[in-house]
Amino acid sequence: MNGHPLLEAREVTVRFGGLTAVDAVSAAFAPGELVGIIGPNGAGKTTFFNALSGVIAPTSGELFALDQRLTGAQPHRFAQQGVARTFQTPRVFAELSVAANIGFGLQFAGRKRQASWLLKDETSILSLIGLSAQAALPAAAITPSQQRLLEIGMALATRPRLLLLDEVAAGLTENEVDAMGQLIRRLRDELDLTVIWIEHAVTTLLKYVERVIVLHQGRKIADGTPAEVVRNAEVVEAYLGDEMVEAA
Ligand SMILES: Nc1ncnc2c1ncn2[C@@H]1O[C@H](COP(=O)(O)OP(=O)(O)O)[C@@H](O)[C@H]1O
Ligand SMILES: [Mg+2]
């Protein structure tokens, strides 16, 4: 990896009482990477994201953004370093319009670095995520898949360098999933973003990412290209089995 990684976790552990949800996971994310994180329910994916975005302080281990040590810092310090995320259950302001939800994200961008023209204002962001026609509707009135897009738009409005996506394709139809995969690639390509994308559905994700990290019972058991990971005996034997091989 050239230069500093955009974000780096070193031996990050998160415990909840006696349960080790994330177990000494190390991973570095370089500028421009599109990385998937997969693993069965309860593997520790969301908890790892919570640590990467400052929502949860690790029990032990270190976090760095570029050359800044962020271990134990509040979420707003992670945001200042350009980290933005979505939540597994979308968090939008139901009674506000779609455009106003984006406006809320833009308020946080403040004096931040020069943004791409694609992130200039509500109109450009709504066009990027494909919700221009819904701009005036209350967020509660759009479909669940549109709410996921809106949450991505709100994260983009903060003009991040690193976008963390937690199961944004869950519950979508096959066509919607493909559109989501293409959108995520486009965001990475055109906005100069680093993207880390959690998905429980393996087949979806492997088509779109260049690198995939596999978590199992809190441990990182694989980190490589999709082709490498699906041939990893521990990954296949542990829990993913044939579904994953077919996907590759
Ligand atoms: N706030 C919490 N308190 C206690 N246990 C938790 C908490 N959050 C997650 N866990 C537990 O940590 C483990 C990992 O959960 P999670 O990170 O949500 O997994 P994933 O996103 O891979 O499904 C699970 O056993 C879950 O029940
Ligand atoms: Mg989760």
Side-chain angles (χ1 to χ4, degrees), residues 7-27 29 34-63 70-75 78 83-92 144-145 147-152 154-155 160 162-172 176-177 180-181 184 194-206 208-209 211-224 226 229-230 232 234-241 243-244 247:
L7 193 69
E8 184 178 4
R10 292 189 199 155
E11 301 273 311
V12 165
T13 293
V14 180
R15 288 201 188 90
F16 297 113
L19 175 83
T20 304
V22 176
D23 192 356
V25 173
S26 295
F29 302 97
L34 171 47
V35 184
I37 299 183
I38 61 173
N41 281 329
K45 304 180 299 294
T46 294
T47 305
F48 185 53
F49 256 26
N50 287 340
L52 290 180
S53 56
V55 171
I56 287 180
T59 310
S60 63
E62 297 281 359
L63 289 163
L70 287 179
T71 317
Q74 295 296 309
F78 286 77
V83 178
R85 54 122 11 121
T86 67
F87 289 86
Q88 196 165 337
T89 307
R91 296 185 181 181
V92 299
S145 60
Q147 287 184 7
R148 290 196 184 282
L149 292 169
L150 176 55
E151 214 203 4
I152 293 173
M154 291 168 73
L162 179 79
L163 183 62
L164 306 176
L165 303 171
D166 196 352
E167 300 212 21
V168 287
L172 304 192
E176 287 170 341
V177 165
M180 181 67 81
I184 290 168
T194 303
V195 179
I196 313 177
W197 178 13
I198 289 179
E199 207 59 60
H200 174 64
V202 171
T203 42
T204 306
L205 190 127
L206 291 180
Y208 294 100
V209 301
R211 176 183 161 204
V212 61
I213 290 172
V214 186
L215 296 182
H216 183 228
Q217 296 175 353
R219 285 188 311 117
K220 182 171 103 168
I221 61 168
D223 185 345
V229 163
V230 297
N232 178 306
E234 192 179 359
V235 173
V236 174
E237 281 164 31
Y239 62 101
L240 287 163
E243 184 207 350
M244 197 172 185

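For ligands, and for the atoms within them, numbers begin at 1 and follow the listed sequence. The first residue of the sequence shown is numbered 1, and numbering continues consecutively from there.
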Heavy atom of Gly39 under 4.0 Å from ligand 1?
no
If you measure from each heavy atom of Pro40 to ligand 1, is any distance below 4.0 Å?
yes
Gln88 backbone or side-chain N/O/S under 2.8 Å from the Mg ion (ligand 2):
yes
Can you tell me if an N/O/S atom from Asn41 lies under 2.8 Å from the Mg ion (ligand 2)?
no
What is the nearest protein non-hydrogen atom to [atom], stated with its residue, atom name and distance?
atom: atom 9 (C) of ligand 1; answer: Phe16 CE1, 3.5 Å
atom: atom 18 (O) of ligand 1; answer: Thr46 CB, 3.8 Å
atom: atom 14 (C) of ligand 1; answer: Gly42 O, 3.5 Å
atom: atom 16 (P) of ligand 1; answer: Thr47 OG1, 3.6 Å
atom: atom 25 (O) of ligand 1; answer: Leu19 CD2, 3.5 Å

Before signing off on this row, confirm whether Gly44 and ligand 1 have an N or O atom pair separated by under 3.5 Å.
yes
N or O contact, Gln88 vs ligand 1, cut-off under 3.5 Å
no
Which heavy atom of [X] sits nearest to which heavy atom of [Y], and what is that distance?
X: Arg91; Y: Glu151; answer: N-OE2, 3.3 Å
X: Val25; Y: Gly218; answer: CG2-O, 3.3 Å
X: Ile184; Y: Leu165; answer: CD1-CD1, 3.6 Å

Check whether any side-chain heavy atom of [X] lies under 4.5 Å from a side-chain heavy atom of [Y], and answer yes or no.
X: Phe78; Y: Val55; answer: no
X: Leu164; Y: Asp166; answer: no
X: Val35; Y: Phe29; answer: yes
X: Asn41; Y: His200; answer: yes
X: His216; Y: Val235; answer: no

Of the side chain and backbone of Asn50, name the one, both, or neither that has a heavy atom under 4.0 Å from an atom of ligand 1.
neither
With heavy atoms of Asn41 as the reference, note each atom of ligand 1 found under 4.0 Å away.
23 (O)
Checking contacts now, so for atom 27 (O) of ligand 1, which I'm interested in, is there any protein heavy atom under 4.0 Å?
no
Check the side chains of Arg15 and Thr59 for a donor-acceptor pair under 3.5 angstrom, ignoring hydrogens and angles.
no
